[in-house]
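For the numbers below, each heavy atom of this structure counts, side chains included, while hydrogens, waters and symmetry mates do not. Along the sequence shown, the residues carry numbers beginning at 1. As the structure lists them, so they are numbered: ligands from 1, and atoms in each ligand from 1.
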Amino acid sequence: MAAPRILSGIKPTGRPHLGNYFGMMQPGIAWQEKGEAFYFIADYHAFTTVHTPADLRDHSRSVALDFLACGLDPQKAVLFRQSDVPEVTELAWLLTCLTPMPMLENCHAYKDQVAKGVVPSHGVFAYPVLMAADILLYNSNIVPVGKDQKQHVEVTRDLAEKANRLFGPIFTVPQPSIVPEMATVLGLDGQKMSKSYNNTIGLFEEEKALRKKVMSIVTDSQPVEAPKDPAASSIVALYKLVASPDQVTQMEADFRAGGTGYGDFKKRLFEGIWEHFAPFRARRAELAADPAILDAILADGARRARAVALPTMERVRKAMGFGP
Ligand code: TYM
């Protein structure tokens with residue numbers, strides 16, 4: 001069997017957080033060994049909310065550097081900016097014309113905004129269609145994502161199947177890949193970690209800021225002496241992501257035994273996060289020192305991404321009835 005095509009994206013709406021890292025970046029980096037991996041900086045998606053040009057540009061570069069620093073190998077995987085292959089917006093339009101409105105009315109980003117009383121933009125409404133275009137343009141088999149994106153991959157599958165019924169087998173039908181233990185990383189307040197909940201821990205926080213954030217994790221008000229339930233604690237849940245199995249077993253035992261306060265557990269968690277990302281911090285500083293390195297990687301990524309995207313668009317236009 002041919003090597004699978006793996007594809008995923010991340011929005012440059014700010015710097016990545018632990019949810020992005022464990023939900024998508026780390027699994028994506030593991031996948032680069034097993035197939036042809038394509039990862040992109042979803043700047044068109046970020047434009048649903050980021051309307052300051054300098055921020056969009058800076059965040060796009062920063063997120064790309066973060067991904068490289070964490071181990072994305074541009075020799076193995078293709079790293080590119082979504083907007084460097086603008087054909088994706090053409091495919092999004094074609095798919096839009098096949099998308100029933102109720103399918104999008106059901107999607108959570110749009111529903112959340114309506115529930116909050118915000119008037120959503122057309123971009124937020126159509127967001128899952130652009131995502132489908134990303135996935136289908138590159139003939140992707142596997143899409144590594146966190147659980148919050150599963151619904152969008154399902155929309156993509158439905159649209160691909162519908163197009164294939166109408167126009168012949170033009171699209172590969174993709175599968176999501178979700179690592180169960182990392183499907184939903186919890187934030188400082190115990191809800192899903194998300195920029196929109198303002199409860200995130202960044203991968204590359206300064207030491208003092210990171211310590212302050214970890215110390216602000218919300219806990220119950222059990223006294224130091226009381227035995228505590230490790231299964232109910234987001235401190236333990238986060239520690240599992242960065243600590244060794246022995247360290248986790250020790251923390252769980254100390255929770256159950258009583259006699260240790262949440263402050264102590266938080267200090268251990270801080271150490272765990274700080275050490276986990278130490279090698280990546282060093283690598284990031286090296287990469288950031290010479291902007292030409294990133295420029296070259298992104299230019300090469302755009303070239304390799306276009307080499308897949310252009311033949312897809314030719315096939316799709318022809319099958320749908322466009323052109324001579
Ligand atoms: P974004 O930038 O919101 O999130 C990037 C990835 O991080 C995952 N994630 C989480 N995983 C576990 N726990 C969390 N708390 C958590 N928070 C975020 C997300 O599931 C995601 O995988 N729409 C996408 C970007 C995108 C894309 C695509 C992805 C655009 N086109 C095509 C795959 C295929 C997004 O919202 O990314």
Side-chain angles (χ1 to χ4, degrees), residues 5-29 31 37-50 56 59-60 62-64 66-67 70 72 78 80-83 85 88-89 91-92 95 107-110 112 123-124 126-157 159-160 172 174-203 234 237-238 240-241 305 309:
R5 167 73 43 79
I6 300 127
L7 172 133
S8 196
I10 177 166
K11 273 184 307 203
T13 44
R15 297 290 295 278
H17 53 70
L18 295 185
N20 299 135
Y21 178 72
F22 289 105
M24 189 282 265
M25 297 164 72
Q26 190 192 57
I29 288 163
W31 271 110
F38 280 56
Y39 300 122
F40 63 93
I41 310 302
D43 52 355
Y44 283 144
H45 278 101
F47 192 63
T48 53
T49 54
V50 182
L56 189 61
H59 292 331
S60 295
S62 278
V63 172
D66 291 343
F67 216 150
C70 291
L72 187 149
V78 177
F80 66 105
R81 228 181 333 233
Q82 185 184 29
S83 62
V85 190
V88 75
T89 60
L91 183 56
L95 295 172
C107 286
H108 61 77
Y110 169 75
D112 287 354
V124 168
Y127 186 109
V129 185
L130 180 57
M131 213 171 129
D134 290 321
I135 297 170
L136 301 180
L137 186 59
Y138 299 101
N139 309 317
S140 317
N141 303 107
I142 292 161
V143 185
V145 281
K147 193 169 149 221
D148 59 351
Q149 297 301 313
K150 185 165 180 252
Q151 185 184 37
H152 294 155
V153 183
E154 276 158 13
V155 167
T156 306
R157 289 173 56 86
L159 292 176
T172 303
Q175 306 245 13
S177 165
I178 300 172
V179 181
E181 308 82 63
M182 324 261 183
T184 306
V185 174
L186 301 181
L188 300 174
D189 56 359
Q191 297 188 78
K192 183 190 103 167
M193 187 176 287
S194 163
K195 279 167 217 151
S196 45
Y197 300 155
N198 205 12
N199 65 357
T200 61
I201 301 176
L203 307 189
S234 49
L238 288 168
K240 282 182 180 164
L241 301 172

Compare every heavy atom of Leu18 with every heavy atom of Met193, then report the nearest pair and how far apart it is. SD-N, 3.7 Å
Shortest non-hydrogen pair, Pro16 vs Val63, comes out as CD-CG2, 4.1 Å
Do Ser83 and Thr89 have side chains that get closer than 4.5 Å, going by heavy atoms? no
So how far is it from Thr156 OG1 to Leu130 CG, rounded to the nearest 0.5 Å? 10.0 Å
What is the distance from atom CG of Leu137 to atom OG1 of Thr172, rounded to the nearest 0.5 Å? 11.0 Å
Face-on cation placement of Arg5 at Tyr138 ring, 6.0 Å and 45° thresholds: no
So if I only count non-hydrogen atoms and take anything under 4.0 Å from ligand 1, which residues does that give, chain by chain? Leu7, Ser8, Gly9, Ile10, Lys11, His17, Gly19, Asn20, Gly23, Met24, Phe40, Ala42, His45, Tyr127, Met131, Asp134, Ile135, Val143, Val145, Gly146, Asp148, Gln149, Met182, Ala183, Thr184, Val185, Lys192, Met193
